[in-house]
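What follows is a short report on a single structure.
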Amino acid sequence: MTFHNDSITFLRLPLLLLFFHFLSPATFSADYIPSTLDGPFVPVTVPLDTSLRGKAIDLPDTDPRVRRHVTGFEPEQISLSLSSDYDSIWVSWITGEFQIGKNVKPLDPTSIDSIVQFGTLRHSLSHEAKGHSLVYSQLYPFDGLLNYTSGIIHHVRITGLKPSTVYYYRCGDPSRHAMSKIHHFRTMPVSNPSSYPSRIAVVGDLGLTYNTTDTITHLLQNSPDLVLLIGDVSYANLYLTNGTSSDCYSCSFSDTPIHETYQPRWDYWGRFMERLTSKVPLMVIEGNHEIELQAESKTFEAYSSRFAFPFKESGSSSKLYYSFNAGGIHFVMLGAYIAFDKPGEQYEWLKKDLAEFDRSVTPWLVVSWHPPWYSTYTAHYREAECMKEAMEELLCSYGTDIVFNGHVHAYERTNRVYNYELDPCGPVYIVVGDGGNREKMAIEHADEPGKCPDPFTTPDPAMGGEFCAWNFTKTGRFCWDQQPEYSALRESSFGHGILEVKNETWALWTWYRNQDSSSKVGDQIYIVREPDRCPPRHNRLVNDC
């Protein structure tokens, strides 16, 4: 389907549009939670609260929350991640100290075992699982730049678990008297249309600032069963290897021979996050700040080494894209900074994954990647258009329900949309790049007078740098002249979201702002699947999408 100056005609829309009408949030009473059945909604922009736009400041390495509190080879930075389904989970941790300097000697990963002892009783950890370990290095063979090598990173996959069950565990090497304290986690429910995790937290562009600490504190108060982190994790690449920092990526260190990073920020981040990640599985997908180019053109070394991913379990050949189930939800995590064109490897994997996706087992399809396709802020405006051109039709044809993105440091929720047009069977896109990182908050909109960027400045070199945004709006311009009708709500604030899937057709989405109390919401809506109205369309023509 092409997008010209005239409006697009959807073959199935005329009848549906009889029931598809605009409503304003003011239509509803204060105690009524609207649903997508009430939409599409008149676009709303929450006025900018300038008192809340304080500068985001990173936690220093002297903060006790990021200092090393273990000795010897005791585990630290403990984290969990899901495997492909409820019956297995990954446990990861680090032993030993990192090194940074001109000449560093990596630790021997075979010098200590990777063991998890676990069970359903706190004082009877009768089961044991073994895994593998590794170290990685970030190398800069240039004068004045320092190299880094990590501690020993351990990944252990526990299998044979029961659904919706609390397990206790500790990790380390008992032969070295180097074991963690006892932690616990709850497994996901069995995958079927009637069982779901209670609360799924969604956050993006987190970083390690004082704003981040507010976000994580509020997130913990919401007691999630699972956390999705939609890219941009530690922001280590806002630092020189000597620890000097900057406030943004594009203005950083123009005099250096390579865009270096300060890898200890990853260790600080892992230590700070352990209070969450040691008990709640964290599923992360890479953002642009995880690229971290080093010697020999290596990229994504910290991201690929520090986290465990169910990529093999989901048939992927790359840690940069994968899928998994959590109860009756099938999650697909896509890589925006690896080839996505058809018929490339990631695209073909996505086709296969979606073809095997079974709505009778997992009714909900939730997809995430870092840079958004639908954002109305000037920051990163239409930057991912080539990815959209390559993949939107495929995701639409399988009836994707919700898409989560980050990258833009603000909040935005769309009406149901496909190819920039309102579509009652399109996904709801939600941008949550508001986790609290050091870079500035996005506050300008591309539809404001004089704010529309030059189209040819928008392609991202990290995504191939190709210009694909030929599909202009109905008025023939690159930008809208007012908030587009597909944009339901946008606001510049820090925060996080909670997804609560109630059954096979209703899910409650709530966005919490950091400036509010934990009981007050910034945005809330029921997202409703309509399988009878919107059956899967992957066997139909593109214009029937």
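All residue numbers in this chain count up from 1 along the given sequence.
Within the 3.5 Å criterion, the main-chain N or O of Q483 finds no donor-acceptor partner in the side chain of T376. Side chain of N222 to backbone of P224: no donor-acceptor contact under 3.5 angstrom is found. For the pair D341 (side chain) and G344 (backbone), a donor-acceptor distance under 3.5 Å is absent. Not one N or O on the side chain of T378 forms a donor-acceptor pair closer than 3.5 Å with the backbone of A446. Listed for the R529 side chain is no donor-acceptor partner under 3.5 Å among the backbone atoms of T505. The closest donor-acceptor contact from the side chain of S492 to the backbone of L48 lies at 3.5 Å or more, if one exists at all. Judged by distance alone, with hydrogens and angles left aside, the side-chain atoms of R513 form no donor-acceptor pair with the main-chain N or O of E491 at under 3.5 Å. No donor-acceptor pair closer than 3.5 Å links the side chain of K342 to the backbone N or O of Y347. With T362 contributing its side chain and D358 its backbone, the two residues share a donor-acceptor pair below 3.5 Å.
With rounding to the nearest 0.5 Å, the separation of CZ in R413 from CD1 in I402 is 11.0 Å. The structure places CD1 of I33 at 4.5 Å from OH of Y526, a figure rounded to the nearest 0.5 Å. Note that the CD1 atom of I285 and the CZ atom of F309 stand 7.0 Å from one another [nearest 0.5 Å]. Distance check, rounded to the nearest 0.5 Å: CG of N415 to CZ of F41 gives 7.0 Å. Note that the OG1 atom of T510 and the CD1 atom of I498 stand 8.0 Å from one another [nearest 0.5 Å]. Atom CH2 of W349 and atom CZ of F311 lie 12.0 Å apart (nearest 0.5 Å).
For residues 296-386, the pairs satisfying disulfide bond (SG atoms under 2.5 Å apart) are C386-C468, with sequence neighbours left out.
F340 is not listed as a side-chain neighbour of W369, based on a closest heavy-atom distance of 4.5 Å or more. Side-chain contact between M283 and S81: present, with at least one pair of heavy atoms (C-beta onward) separated by less than 4.5 Å. Proximity of P372 to H407: side-chain heavy atoms (C-beta onward) are separated by under 4.5 Å at one or more points. Within the 4.5 Å cutoff, the side chain of M333 has heavy atoms near those of the F324 side chain. For the pair W373 and M391, the minimum side-chain heavy-atom distance is below 4.5 Å. Looking at heavy atoms from C-beta onward, Y140 lies in side-chain contact with I258 at the 4.5 angstrom threshold. Contact check for S245 versus R438: side-chain heavy atoms found under the 4.5 Å cut-off. At a threshold of 4.5 Å between non-hydrogen side-chain atoms, the residues P371 and Y337 count as touching.
Minimum interatomic distance between F494 and N211 (heavy atoms only, all atoms of both residues): CE1-ND2, 3.3 Å. Between T209 and A56 the shortest heavy-atom distance is CG2-CB, 4.2 Å. Smallest separation of non-hydrogen atoms from A336 and E286: N-OE2, 3.8 Å. Taking every heavy atom of both residues into account, S316 and Y321 meet most closely at OG-O, 2.7 Å. Shown here for E500 and S198, the closest heavy-atom pair between the two residues is CG-O, 3.5 Å. Nearest approach of L320 to Y303, heavy atoms of both residues: CD2-CE2, 3.4 Å.
Side-chain polar atoms of S493 and Q515 form a donor-acceptor pair below 3.5 angstrom. A donor and an acceptor atom, one from each side chain of Q138 and W266, are nowhere located under 3.5 Å apart. Side-chain contact annotation: D353 with H330, donor-acceptor N/O pair under 3.5 Å present. Using modelled atom types and a 3.5 Å distance limit, the side chains of N437 and H289 yield no donor-acceptor pair. For the residue pair Y239/D58, the side-chain donor-acceptor check at 3.5 Å is satisfied. Counted by atom type alone, T212 and T215 present zero donor-acceptor pairs between their side chains at under 3.5 Å.
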request  = Evaluate the side-chain hydrogen bond (donor to acceptor under 3.5 Å, both in side chains) criterion for residues E383 and T458: first the C-alpha distance (whole Å), next the side-chain angles of each, then the deciding distance (0.1 Å), finally the verdict.
outcome  = CA-CA 5 Å; E383 183 179 278; T458 58; over 6 Å; no

ask   = What's the verdict on side-chain hydrogen bond (donor to acceptor under 3.5 Å, both in side chains) for E385 and N471, showing C-alpha distance, side-chain angles and the deciding distance?
value = CA-CA 9 Å; E385 197 79 9; N471 295 342; 4.9 Å; no

inquiry  = Between H445 and E412, is the side-chain hydrogen bond (donor to acceptor under 3.5 Å, both in side chains) condition met? List the steps.
reply    = CA-CA 11 Å; H445 307 110; E412 186 164 15; over 6 Å; no

Y418/E392 under side-chain contact (heavy atoms from CB on, under 4.5 Å): CA gap, chis, key distance, verdict = CA-CA 8 Å; Y418 174 72; E392 184 177 27; 3.5 Å; yes

request  = Decide side-chain hydrogen bond (donor to acceptor under 3.5 Å, both in side chains) for D523 and Y411; before the verdict, give the C-alpha distance in whole Å, the side-chain angles of both, and the deciding distance to 0.1 Å.
outcome  = CA-CA 10 Å; D523 182 34; Y411 175 77; 2.5 Å; yes

message = Let's go through V202 and I430 carefully: what are the C-alpha distance in whole Å and the side-chain angles of both, what is the deciding distance for side-chain contact (heavy atoms from CB on, under 4.5 Å) to 0.1 Å, and is it a yes or a no?
response = CA-CA 10 Å; V202 187; I430 299 174; over 6 Å; no

message = Set out, in order, the CA-CA distance, both residues' side-chain angles and the distance that settles side-chain contact (heavy atoms from CB on, under 4.5 Å) for V332 and Y398, then state yes or no.
response = CA-CA 12 Å; V332 177; Y398 279 89; over 6 Å; no

Residues Y486, Y429; criterion ring pair (Phe, Tyr, Trp, His ring centres under 6.0 Å); working and verdict = CA-CA 10 Å; Y486 69 75; Y429 290 79; 8.8 Å; no

query = Hey, mind stepping through N237 and I291 against side-chain contact (heavy atoms from CB on, under 4.5 Å) and telling me if it holds?
reply = CA-CA 9 Å; N237 66 349; I291 297 174; over 6 Å; no

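Of the listed residues (L37, D38, T36), just one forms a side chain to side chain contact (heavy atoms under 4.5 Å, CB included) with P34, and that residue is D38. When W509, F331, W511 are each tested for a ring pair (Phe, Tyr, Trp, His ring centres under 6.0 Å) with F404, only one passes: W509. Among Q263, K298, H259, the single residue meeting the side-chain hydrogen bond (donor to acceptor under 3.5 Å, both in side chains) criterion with E292 is Q263. Each of D232, V431, I230 was compared with D205 under the side chain to side chain contact (heavy atoms under 4.5 Å, CB included) criterion, and only D232 meets it.
D447 has a carboxylate O that lies under 4.0 Å from a charged side-chain N of R490, or vice versa, which qualifies the two as a salt bridge. Salt bridge K352/E348: absent, no basic N to carboxylate O contact under 4.0 Å.
In E345, the CD atom is not crowded: 12 or fewer heavy atoms of neighbouring residues, nucleotides or ligands sit closer than 6.0 Å.
A distance below 6.0 Å separates the ring centres of Y374 and Y420.
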